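Here the structure is laid out as structure tokens; the discussion comes afterwards.
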Protein chains: 2
Amino acid sequence: MNVSALEEYGLRCAARLAQLKDGETLSASEIAESEGLSVEYVSKFMLHLKRAGLVKTLRGIHGGFSLAKPPSEISIKAVLDGLKGPRESASFCDGFSGRQSVCARRPGCSIRPFWGVLEKMFDGFTSRLSLEDLISSESETYLRAQQVAHELCLEAQAEVEFKT
Amino acid sequence: MNVSALEEYGLRCAARLAQLKDGETLSASEIAESEGLSVEYVSKFMLHLKRAGLVKTLRGIHGGFSLAKPPSEISIKAVLDGLKGPRESASFCDGFSGRQSVCARRPGCSIRPFWGVLEKMFDGFTSRLSLEDLISSESETYLRAQQVAHELCLEAQAEVEFKT
DNA sequence: CCAATACAATACAAACTTGTAAGGATTTAG
DNA sequence: CTAAATCCTTACAAGTTTGTATTGTATTGG
């Protein structure tokens, strides 16, 4: 499971903003300081989050960043997608077609459902957790994440019963 | 969820080998042909799998590649790890410490349990599925993957009940 | 107005990933 | 023995990611 630097640092910074009270802001330099990153770097991916509509900015001497919506309404999936910018990520089959225009395994590929189920778990997990879940204590977040993981299983079970 | 080209193509080629009968081999050019890749590229990552002890090779005119163990004994996780080569992948905390030697959020980070639970799901899923599960039909593989996803959920449930 | 503060945009360099190229080493058929 | 087939190794080029540097633009306090 590969997590890019953009995803990791961007999520951390978004989680910082989730701790703000209404009307408060955090400047890039404050975020950079608290996360141990350079100001330029923080500015860079906060801009991505702004363009994705997740973050508001204010310029000027008391400016800074704040969330555009309540933390509970911003899923972690939305943050991760927003950080990547507007470029669409191709599906496994379209993205890895080797030297050909279409994957050599089409149709009837058994690799596809493997990644498909895995991606569904990933998307389900990141969609159900929000920035609000990242501002609790470490142990509370852990329990909440476990709970979501459990809920996902029930869905998988339902789908298996439907198919068999 | 980012899947690298190495992981995707390497897994496909390993799955091809899983279809071989005992004593049969597939040459790099045969694999390359069937997967739509170059011979040189296939040779490259098959070597990684060999060094990881998952694949046997035979040189000479009737040589080629075959699995070192039965497909059921080679987990998908072992294949994905083997493809990366011997370099260890740092944990999230150690790998993303920004400009500092240690992550600024230690101790008590609520991002950590989020990735932790996700990675546990990923590892559990890829550990329980083997190359044998990738040689069935697309729909059979799909059902098997769903079943494994469900099993993982039950584990998560047990853990939540224990903690609360 | 003006200067300080802060976001915004672009360029750039180092490191990693992706895929190709070329030649070397090993086995086997004849 | 020799030649063909095959794996093995190293080098390298193009593209992407990562992080920095520089310059521009907007807002606010005095």
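Here is how names work: the chains are called A, B, and so on, in the same order as the sequence lines, proteins then strands, and each is numbered from 1. Fair warning: this is a prediction, and the values are worked out from it, not measured in the lab.
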Discussion item. Please report the distance, rounded to the nearest Å, between CD in Glu8(B) and C1' in dT17(C).
Written reply: 16 Å
Response to the item:
Picking from dG19(D), dT18(C), dT25(D), the nucleotide nearest the side-chain atoms of Ser4(B) would be dT18(C)
Discussion item. Whole angstroms only, please: what is the CD1-P distance between Ile61(A) and dC2(C)?
Written reply: 17 Å
Fill in: Non-neighbouring partners of Gln19(A) that pass side chain to side chain donor-acceptor pair (under 3.5 Å), sequence neighbours left out
none
Discussion item. What is the separation between atom NE2 on His48(A) and atom P on dA8(C), rounded to the nearest whole Å?
Written reply: 11 Å
Practice prompt. Could you tell me if the ring centre of Phe125(B) sits under 6.0 Å from that of Phe114(A)?
Written response: yes
Practice prompt. Please work out if Phe45(B) contacts a base, only the sugar-phosphate, or nothing of the nucleic acid, heavy-atom cut-off 4.0 Å.
Written response: nothing
Discussion item. Nearest whole Å is fine: how far is dC16(C) P from Lys84(B) NZ?
Written reply: 16 Å
Worksheet item: Phe96(A) near the nucleic acid: base, sugar-phosphate alone, or nothing, with a heavy-atom cut-off under 4.0 Å?
Response: nothing
Worksheet item: Got more than 12 heavy atoms from elsewhere within 6.0 Å of NZ, Lys56(A)?
Response: no
Worksheet item: Could you state the CG-P distance from Leu47(B) to dT6(D), rounded to the nearest angstrom?
Response: 18 Å
Fill in: DNA chain D contacts among residues 19-33 of chain A, heavy-atom distance under 4.0 Å
none
Practice prompt. Determine the contact category for Leu37(A): base if any of its heavy atoms lies under 4.0 Å from a base atom, sugar-phosphate if only primed atoms, P, OP1 or OP2 are that close, otherwise nothing.
Written response: nothing
Worksheet item: Counting N and O atoms only, with roles assigned by atom type, does the side chain of Glu24(A) sit under 3.5 Å from a partner on the main chain of Lys21(A), one being a donor and the other an acceptor?
Response: yes
Worksheet item: For dG19(D), does either OP1 or OP2 sit under 4.0 Å from a side-chain N or O belonging to Arg99(B)?
Response: no
Worksheet, complete the sentence: Taking for Glu40(B) and for His62(A) the nucleotide of DNA chain D with the nearest heavy atom, the one nearer the 5' end belongs to Glu40(B)
Worksheet entry | Of the listed nucleotides dA11(C), dA9(C), dT20(C), the one nearest the side chain of Lys44(B) | dT20(C)
Worksheet item: If you check the Thr57(A) side chain, which of dC7(C), dG24(C), dT18(D) turns out closest?
Response: dC7(C)
Discussion item. Closest approach to the side chain of Tyr41(A), judged atom by atom: which nucleotide of dT18(D), dT28(C), dA8(C) is it?
Written reply: dT18(D)
Worksheet item: Given side chains that start at C-beta, do those of Glu8(A) and Ile111(B) come closer than 4.5 Å, heavy atoms only?
Response: yes
Worksheet item: Expressed in angstrom and rounded to an integer, what is the separation of Leu17(B) atom CG from dC7(D) atom C1'?
Response: 14 Å
Worksheet item: Rounding to a whole Å, what distance do you find between Met46(A):CE and dG19(D):P?
Response: 17 Å
Worksheet item: In whole Å, what is the span from the NZ atom of Lys50(A) to the C1' atom of dA9(C)?
Response: 12 Å
Worksheet entry | is_close_aromatic(Tyr41(A), Phe45(A)), centroid dist under 6.0 Å | yes
Practice prompt. Report the C-alpha separation of Leu17(B) and Met46(B) in whole Å, then their side-chain angles, then the decisive distance to 0.1 Å, and conclude whether the side chain to side chain contact (heavy atoms under 4.5 Å, CB included) test is met.
Written response: CA-CA 11 Å; Leu17(B) 295 185; Met46(B) 292 309 280; 3.4 Å; yes
Fill in: Nearest to side-chain heavy atoms of Ser38(B), which nucleotide of dA9(C), dT18(D), dT20(C)
dT20(C)
Item to complete: Tell me which nucleotide among dG29(D), dT9(D), dT20(D) gets nearest to the side chain of Arg51(B).
Response: dT9(D)
Practice prompt. Tell me which nucleotide among dC7(C), dT18(C), dT27(C) gets nearest to the side chain of Arg59(B).
Written response: dT27(C)
Fill in: Closest nucleotide among dC8(D), dT18(D), dA5(D) to the Ala5(A) side chain
dT18(D)
Item to complete: Kindly indicate, with the supporting measurements, whether the criterion salt bridge (Lys or Arg N to Asp or Glu O under 4.0 Å) is fulfilled by Glu30(A) and Arg16(A).
Response: CA-CA 10 Å; Glu30(A) 287 170 321; Arg16(A) 287 276 179 204; over 6 Å; no
